[in-house]
Amino acid sequence: MPSERHAPRPGSMAAAPSPAPTDGPASPRPRSGAEIRAAFLRFYEQRGHRPMPSASLIPDDPTVLLTIAGMLPFKPVFLGQAERPAPRATSSQKCIRTNDIENVGRTARHHTFFEMLGNFSFGDYFKEQAIAWAWELSTGVFGLAPENLVVSVFREDDEAEAIWRDTVGVNPKRIIRMDEADNFWASGPTGPCGPCSEIYYDFRPELGDDAIDLEDDTRFIEFYNLVFMQYNRDAQGTLTPLAARNIDTGMGLERMAQILQGVPNNYETDLIYPLIEAAAGLAGVEYRGLDEKGKTSLKVIGDHSRAVTQLIGDGVTASNLGRGYILRRLLRRVVRHGRLLGIDKPFLAAMGEASIALMGEAYPQLLERRAVILAELEREEARFLETLERGEKLLADVLASQPSQISGAQAFELYDTYGFPLELTEEIAEEHGLTVDVAGFELAMEEQRQRAKAAAVSIDLTLQEAIDQVAATAAATTFKGYEALEHPSCVLALVVNGEPATLAGAGDQVQLVLDSTPFYGEGGGQVGDRGVLLGGGDQTSVDAGVIVSIEGVSRNRSVFVHSGRIERGCVAVGDLLTARVDAACRRRAQANHTATHLLQAALKQVVDPGIGQAGSLVDFDRLRFDFHCPRAVTSAELEQIEALINGWIAEAHTLEVQEMAIEKAKAAGAVAMFGEKYADVVRVVDVPGVSMELCGGTHVANTAEIGLFKIVSESGVAAGIRRIEAVAGPAVLAYLNERDAVVKQLGERFKAQPGEIVDRVAALQDELKASGKALAAARGELALAKAAALADKAERVGDFQLLVARLDGVDGAGLQSAALGLADQLGEGAAVVLGGLPDPSDLGKVILVAAFGKAVIAAGQQAGKFIGGVAKACGGGGGGRPNLAQAGGRDGTALVGALRQAEQQLREQFGAALG
RNA sequence: GGGGAAUUAGCUCAGCUGGUAGAGCGCUGCGAUCGCACCGCAGAGGUCAGGGGUUCGAGUCCCCUAUUCUCCA
C-alpha cells in the first residue's frame with residue numbers, strides 16, 4: 001500500500017510534512033481551498049483592500065490570448081493607462097496557462113487552470129508593509145511555522161533583505177539572493193519594473209540552513225511572490241525610480257492548499273482531487289492502485305477538466321484558431337488520457353458536471369451556463385472521436401502495406417492533416433512491433449512552421465508608408481460628425497499620388513489630414529463617410545472654386561485620413577475648407593448601424609443570450625454581422641428575429657447616446673466586444689429596453705428612422721461562427737425592387753403568376769429530365785439499330801472480322817456501346833471502328849470509337865493506340881484501353897478519309913499477320 | 001493570419017497513369033412465407049460541391065470560390 005495520502009482527511013496529518021502549530025488567532029486555521037481563498041481575501045479586506053471579483057479568462061487586453069496572471073486585469077493601471085479602481089485591491093483571479101502543458105500531471109504543481117490570490121497597491125503602501133502583511137498572513141492566518149519558511153530577494157535589493165531580517169526577524173541564513181531571471185519583474189522591454197521577493201515553504205527543515213537550493217522542488221515550494229514595482233525602464237535600459245510605486249503579489253491557491261492539506265502534490269488537494277476520483281470512477285480504477293503513468297493521466301484529466309469547464313463558462317467555443325484552439329487541444333488531451341485509462345465511452349460531460357459541482361459555489365456563472373458547457377463538451381468530444389476513428393482507419397491502411405517503420409512524413413500527415421495524435425500513432429505502431437520515425441516527424445513539423453513563418457510577411461504598400469508617415473506627425477483629428485455634417489476644417493497634411501506634398505492640383509488622387517472633420521472614419525465596422533470638401537469663393541455651394549470629392553475616410557492611430565480626388569482648383573496645406581458629408585449616405589449607414597445593434601439584441605433574445613459578436617460590417621447599402629454560434633440559425637428563428645426588429649422599429653424608440661466611465665457603462669450592462677480596447681470614457685449607445693452597447697459609430701436618433709429591416713442571408717464563415725447579412729433603411733427598398741424585378745421577369749418567362757413560379761419550374765424540371773432520358777434512350781436504340789444493320793458489312797480477313805463504318809447522330813457513349821455490341825457479335829477476332837458526327841449539322845466535332853476483340857489484341861493491335869492515329873487525320877487525338885477506345889477531332893470533312901485510311905491500315909496489318 | 005486534406009446515390013464510401021459513374025446499407029415493386037425476419041429477382045435514385053481553364057474528351061489535371069475537417073502562429 002503506498003504511504004502517500006490522497007484526499008485530505010482531518011485529523012490524520014501525521015504522515016505528511018505538516019505545518020507546526022502556532023499561537024494563531026481564535027478563528028480556526030483555514031484548510032480547504034474555499035477556506036484559504038476566503039481567509040486571504042478577508043485578511044486584506046480588513047486591511048483596506050477593495051475585494052475585486054475574478055475577471056474573465058478572456059482578457060480585455062488584445063495582446064494576450066488568455067488571462068495568464070492574477071495581475072493581468074490590473075495591468076492597464078500599472079502601466080498608467082487606466083485609473084486605479086481603489087488605492088488597494090485584492091482578488092482571487094482564475095488564470096490559464098498552456099505554455100508547458102506537457103508538464104501537467106508529471107510534476108507536482110503544473111497547471112493549465114489555476115487560481116491566483118493577490119493583493120495590490122496602486123501607488124499606496126509599498127515594500128515594508130507588503131512584506132509585513134505577507135508574513136503575518138502566512139504565519140498568523142495560515143499558521144505556517146517560521147522554521148518552515150525561506151524567503152528570496154533580488155540580488156541587489158538590500159532594502160528588502162533588511163526588512164525581512166530586521167523588521168520581520170527572519171533567520172538571515174534563510175534569506176536567499178536570486179538573479180534577474182527569478183527575482184526581477186518586467187512586463188516588457190520598457191515600462192514599469194522592479195525586484196521581487198518570494199516566500200517558499202520548506203518541507204524538510206531538518207536538512208538545515210546551510211545548503212538551501214530553492215530550485216529543489218522536492219524540498220521547497222514557492223507559494224507567495226511579491227513584486228515591488230519601483231522603476232521605469234526606458235528604451236536605453238536606464239532605470240529611473242517611479243513616483244507612484246506599486247505592489248503586485250500572487251499566491252497560488254493550489255500551492256497553499258497543498259501545504260495546508262499535507263498532500264504530496266497540488267492535484268491531491270480538495271481543489272482537484274474530487275475530479276480525479278470522478279475520472280477514476282468512470283474508468284473503474286483506483287487512483288492509489290495505479291502506476292505513475294495512470295496517475296499522470298488522472299491528474300491531466302483533473303487539471304484539464306477544470307480548465308475546459310471554466311473556458312467554456314467564460315464564452316470560449318472550440319475552434320481551430322486562437323483561444324478556441326487552446327480549448328480544443330485541452331479537450332482532446334482529456335479524451336486521450338481517458339482512453340489511456342480504458343474509458344471507452346464519452347465521458348467529458350460527466351467531467352464537466354463534476355467540475356461544475358466542484359467550482360460552482362465559487363463561480364456561480366458555471367451553474368448558470370451549465371447546459372451550454374455540457375453541450376459544448378459533448379459536441380467536441382464526439383467530433384474528436386470521429387477524428388480518431390478516421391485516423392485509426394488511415395493508419396491501418398499504412399500498416400497494411402507492411403512497412404518496416406512508420407515514416408516521419410506518414411506520422412506527420414496523420415497529425416497535420418487528420419489531427420491524429422503522434423502518441424497514438426506510436427502506440428498503435430508498437431502493437432504491430434513497429435517504431436515511428438519521431439525525428440522525421442519533428443523535422444516535418446519544423447518545416448511546416450517555417451512555411452507558415454515565410455508566408456506571414458505582410459504586404460507594405462508605399463502609399464501606406466506615406467500615410468503612416470504623415471499620420472505619425474499630424475495632431476489627432478477632432479471628430480465633429482456626431483453633431484454636424486458640415487464643418488470648417490483646416491488642411492494639416494497632404495499625400496499626392498503616394499508622396500507627401502504641400503500642394504495638390506485638379507485631377508490628383510489625394511489623402512488629406514484635417515484638424516477637425518465631420519467625416520466618420522472607418523472603424524467599429526462602420527464604413528467611412530463620403531462627401532466633398534469645398535473651398536475658394538463660395539464655400540457653401542458646388543460653385544465653389546475648389547471641390548474635392550471624398551470617397552472614403554480611414555483612421556490611422558487618432559488621425560483621420562480622407563481619401564479622394566481633386567475635381568476642381570487646388571489645395572495646399574494650411575487651406576481652410578468646408579467639409580460636407582453626403583447626408584444621404586450617412587443616413588443609410590446610420591440606419592444599418594443601429595439595425596446591427598437591434599440584430600444582436602434580437603439574436604440574444606431568440607437564439608442564445610450568450611451570443612457574442614465576432615465581426616461586423618456596416619456599409620451604406622447593407623450590413624453584415626458575424627457571431628459565435630455552434631449551429632445554423634433556423635429559418636423560423638430568422639423570421640422571428642426580423643419580426644422582433646421591425647417591431648422595435650415601429651415602436652419608435654428614441655436612442656440615448658452618452659459618454660460615461662467604462663466601469664459605469666459595464667455596470668449598467670452595456671455590451672462590450674471581447675478583444676476590443678476601450679478608453680476610460682466610452683460612448684454608450686442605448687436603445688432603451690432593447691439594446692445597450694459600447695459603440696463609437698453614428699446612429700439614427702430614433703429607431704423609426706430605420707424604416708424597415710430585412711435579412712438577406714444566413715451562412716457559416718468558420719466552425720462555430722455564423723454570418724447574417726441584412727439590409728435596413730432605404731437600402732431595403734432597393735433590395736426589394738431588385739428581387740421584385742427578378743420575380744416579374746421569371747413570371748413573364750414562365751407565363752405564371754409569382755405564386756405559381758415554383759411549381760411551374762419544378763414541373764418543367766421534371767419534364768426536362770424525362771425528355772432528356774427519352775432522348776438518350778431513343779438515341780441508344782437508334783445507334784443499336786444502325787449498328788445492327790452494319791453487322792453484315794463486316795469483312796473477313798483471315799481469322800479477323802473487320803468493320804469500319806460511319807454512324808452519324810450518335811453521341812460518344814452511344815457509339816461506344818454500338819461498337820462494343822458489334823465486337824461481341826463478331827467474336828474475338830472483331831476489329832470495329834466507328835466514326836461519325838454526333839450532330840450532323842456541326843462539322844466541327846467528330847467522334848471515333850474502336851473496339852477490338854481478344855484475338856486482335858493478341859495480334860498486337862491496341863484500340864487506344866490505333867484510334868489515336870486515326871483521330872490525327874481529323875485534327876484531334878484520343879486514347880483508351882486496348883479493347884475499347886475513344887477519340888475526337890475537330891474536322892468533320894476529313895472523317896471519310898480518316899475512316900478509309902483506318903480500314904486500309906487494319907487490312908494491311910491483318911494481311912501481314914496472316915502472311 | 002499561414003499550411004495540409006475532404007466534398008461522388010438518402011447514408012457509408014470505392015473509382016489506378018484522363019476514355020460508357022460503381023459497391024454495401026437504405027428505399028420501391030415482385031417472388032418466397034399463414035405472417036414477420038432472413039432470402040431471391042427486378043427497379044428507382046447522381047448538374048461527381050459551385051465556377052473557370054487545359055484537352056478531341058475531365059469525377060480524375062490546373063486555378064478560383066464555398067463548406068467541413070485538421071495542424072501551426
Side-chain angles (χ1 to χ4, degrees), chain A residues 65 98-99 318-326 328-329 332 380 382-391 393-394 397 409-422 441-442 444-459 632 713 715-723 765 768-770 772-773 776 779-780 783 810-821 835-838 842 844-851 862-865 867-892 894-895 898:
Chain A
L65 224 44
T98 55
N99 28 357
S319 75
N320 52 358
L321 31 98
R323 51 181 79 93
Y325 184 57
I326 289 176
R328 172 167 289 171
R329 237 174 17 191
R332 296 189 167 193
E380 192 57 20
R383 207 184 297 200
F384 187 46
L385 291 179
E386 275 172 30
T387 301
L388 288 183
E389 212 168 294
R390 187 178 48 178
K393 216 158 147 191
L394 289 165
D397 289 345
Q410 285 169 327
F412 184 70
E413 191 195 352
L414 281 169
Y415 176 73
D416 181 52
T417 304
Y418 300 102
F420 197 68
L422 175 65
F441 177 90
E442 296 295 344
M445 177 77 96
E446 188 49 40
E447 277 169 14
Q448 120 101 298
R449 279 200 196 101
Q450 291 305 327
R451 260 202 314 274
K453 216 183 231 175
V457 285
S458 56
I459 28 170
S713 75
S715 60
V717 267
I721 298 178
R722 308 295 303 178
R723 167 173 295 175
Q765 268 180 328
L768 184 66
K769 210 180 225 177
K773 267 185 191 167
R779 274 192 181 145
V810 180
D811 64 1
L815 217 54
Q816 285 201 17
S817 44
L820 263 187
L837 306 173
D842 178 10
K845 190 168 169 73
V846 178
I847 291 181
L848 292 157
V849 162
Q862 297 209 336
K865 286 181 184 160
I867 203 73
V870 178
K872 270 188 195 146
C874 303
R881 297 186 296 258
N883 66 323
L884 181 69
Q886 184 181 349
R890 294 184 191 281
D891 185 4
L895 179 59

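Below, read A as the first sequence line, B as the second, and so on, with proteins coming before strands; counting in each chain starts at 1.
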> Could you work out, with side chain to side chain contact (heavy atoms under 4.5 Å, CB included) as the rule, every residue matching A:Ala898, not counting sequence neighbours?
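Side chain to side chain contact (heavy atoms under 4.5 Å, CB included) check on A:Ala898 returns A:Val870, A:Ala873, A:Cys874.
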> State the OG1-CZ distance between A:Thr98 and A:Arg329, to the nearest 0.5 angstrom.
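Reported value, rounded in 0.5 Å steps: 6.0 Å.
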> If the C1' atom of B:C62 is compared with that of B:C25, how far apart are they to the nearest Å?
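These two C1' atoms come out 36 Å apart once rounded.
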> Please report the distance separating the P of B:G57 from the corresponding atom of B:G15, rounded so that it comes out in whole Å.
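To the nearest whole Å, 26 Å.
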> For A:Gly889 and A:Leu414, take the nucleotide of RNA chain B holding the closest heavy atom to each; which residue's nucleotide lies nearer the 5' end?
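The residue closer to the strand's 5' end, by nearest nucleotide, is A:Gly889.
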> Starting at atom CG of A:Leu815, determine the distance to atom C1' of B:C56, rounded to an integer number of angstrom.
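From A:Leu815 CG to B:C56 C1': 13 Å.
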> Can you tell me how far apart CG (A:Leu414) and CG (A:Leu394) are? Round to the nearest 0.5 Å.
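Those atoms lie 6.0 Å apart.
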> Atom CD1 in A:Ile847, atom CG in A:Leu815: separation rounded to 0.5 Å?
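Result: 6.5 Å between the selected atoms.
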> Could you measure between the two P atoms, the one in B:U55 and the one in B:U8, and give it in whole Å?
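It comes out at 29 Å once rounded to the nearest Å.
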> List the residues meeting side chain to side chain contact (heavy atoms under 4.5 Å, CB included) with A:Lys393, not counting sequence neighbours, and say none if there are none.
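Per chain and number, A:Lys393 pairs via side chain to side chain contact (heavy atoms under 4.5 Å, CB included) with no residue.
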> Given the P atoms of B:G10 and B:C27, what is the spacing between them in whole Å?
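Here B:G10 and B:C27 have their P atoms 15 Å from each other.
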> So, using ring pair (Phe, Tyr, Trp, His ring centres under 6.0 Å) as the criterion, who are the partners of A:Phe412 when residues are at least two apart?
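Partners of A:Phe412 by the ring pair (Phe, Tyr, Trp, His ring centres under 6.0 Å) criterion, ordered by chain and then number, come out as A:Phe441.
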> Write down the distance between CD (A:Glu380) and C1' (B:U68), rounded to a whole number of angstrom.
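Result: 13 Å.
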> Rounded off to whole Å, could you give me the CZ-to-C1' distance for the A:Arg449 and B:G2 pair?
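Value for this atom pair: 14 Å.
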> Determine the Euclidean distance between corresponding C1' atoms of B:C48 and B:C38; express it in Å to zero decimal places.
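Per the computed distance, 35 Å lies between those C1' atoms.
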> Between the protein and nucleotides 61-64 of chain B, which nitrogen or oxygen pairs come in under 3.5 angstrom?
none

> Could you state the CG-P distance from A:Leu394 to B:U70, rounded to the nearest angstrom?
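After rounding, the reported distance stands at 14 Å.
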> For A:Leu422 and B:U70, give me the distance from atom CG to atom P, rounded to whole Å.
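Rounded to the whole Å, the gap is 18 Å.
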> In whole Å, what separates the C1' atom of B:C41 from that of B:C34?
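The same atom, C1', in both gives a distance of 23 Å.
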> State the dot-bracket string of RNA chain B. Criteria: Watson-Crick or G-U wobble, both atom distances under 3.5 angstrom; notation: ( ) intrastrand, [ ] crossing earlier pairs, | interstrand, . unpaired.
(((((((..((((.....[..)))).(((((.......))))).....(((((..]....)))))))))))).
> Among the nucleotides B:C71, B:C56, B:C69, which one has an atom lying closest to any side-chain atom of A:Tyr415?
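The closest nucleotide is B:C71.
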> Using a strict threshold of under 4.0 Å (side-chain N to carboxylate O), is an ion pair present between A:Glu386 and A:Arg383?
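Salt bridge: no.
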> If you measure from CD1 on A:Ile326 to CG on A:Leu65, what distance do you get to the nearest 0.5 Å?
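CG of A:Leu65 is found 4.5 Å from CD1 of A:Ile326.
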> Please report the distance separating the P of B:A73 from the corresponding atom of B:C13, rounded so that it comes out in whole Å.
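Rounded to whole Å, the distance is 30 Å.
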> Once side chain to side chain contact (heavy atoms under 4.5 Å, CB included) is applied, do any residues pair with A:Ala850, and if so which ones, sequence neighbours excluded?
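If we apply the side chain to side chain contact (heavy atoms under 4.5 Å, CB included) test to A:Ala850, skipping adjacent residues, the hits are A:Val833, A:Phe852, A:Ala863, A:Ile867.
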> For nucleotides 4-7 of chain B, tabulate all protein N/O to nucleotide N/O atom pairs closer than 3.5 Å, reporting atom names and distance.
| from | atom 1 | to | atom 2 | distance (Å) |
| --- | --- | --- | --- | --- |
| B:G4 | O2' | A:Thr417 | OG1 | 2.6 |
| B:G4 | N2 | A:Thr417 | O | 2.8 |
| B:A5 | O2' | A:Tyr418 | OH | 3.2 |

> Could you check how far CZ of A:Phe412 sits from P of B:G3, rounded to whole Å?
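About 14 Å, once rounded to whole Å.
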> Please state how far atom CD in A:Gln448 lies from atom P in B:G1, giving the value in whole angstrom units.
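Those two atoms, CD and P, are 17 Å apart.
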> Between A:Ala851 and A:Leu884, what is the shortest heavy-atom contact and its length?
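Smallest heavy-atom distance, with atoms named: CB-CD1, 4.0 Å.
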> So how far is it from A:Met445 CE to A:Leu422 CG, rounded to the nearest 0.5 Å?
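Reported value, rounded in 0.5 Å steps: 8.0 Å.
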> Let me see the working for A:Leu820 and A:Val849 under side chain to side chain contact (heavy atoms under 4.5 Å, CB included), right down to the final yes or no.
CA-CA 9 Å; A:Leu820 263 187; A:Val849 162; over 6 Å; no
> Strictly below 4.0 Å: does A:Arg329 bring a side-chain N or O up to OP1 or OP2 of B:C71?
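The answer is no; no side-chain N or O of A:Arg329 sits under 4.0 Å from OP1 or OP2.
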> With P as the reference atom in both, quote the distance from B:U28 to B:A44 in angstrom, rounded to an integer.
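It works out to 16 Å between them.
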> Just the atom pairs and distances: protein N or O near nucleotides 44-48 of chain B's N or O, under 3.5 Å.
| from | atom 1 | to | atom 2 | distance (Å) |
| --- | --- | --- | --- | --- |
| B:G45 | OP1 | A:Lys773 | NZ | 2.4 |
| B:G45 | OP2 | A:Lys773 | NZ | 3.4 |
| B:G46 | OP1 | A:Lys769 | NZ | 2.9 |

> Roughly, in whole Å, what's the span from CZ in A:Arg328 to P in B:U70?
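It works out to 4 Å between those atoms.
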> side-chain hydrogen bond (donor to acceptor under 3.5 Å, both in side chains) with A:Asn883: which residues, sequence neighbours excluded?
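Result, side-chain hydrogen bond (donor to acceptor under 3.5 Å, both in side chains) vs A:Asn883: none returned.
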> Hey, is the side chain of A:Arg390 poking within less than 4.0 Å of OP1 or OP2 on B:C69, counting only N and O atoms?
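The answer is no; no side-chain N or O of A:Arg390 sits under 4.0 Å from OP1 or OP2.
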> Test of understanding: with side chain to side chain contact (heavy atoms under 4.5 Å, CB included), list the residues that count as partners of A:Thr387, not counting sequence neighbours.
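Listed in chain order: A:Arg332, A:Phe384, A:Arg390.
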> More 5' along RNA chain B: A:Gly419 or A:Val846, using each one's nearest nucleotide?
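It is A:Val846, whose closest nucleotide lies nearer the 5' terminus.
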> Can you check each nucleotide of nucleotides 8-25 of chain B against protein heavy atoms at under 4.0 Å and return B for base, S for sugar-phosphate only, - for none, in 5' to 3' order?
-----S-----BB-----
> The criterion is side-chain hydrogen bond (donor to acceptor under 3.5 Å, both in side chains); which residues satisfy it with A:Gln862, sequence neighbours excluded?
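With neighbours one apart ignored, the set is empty.
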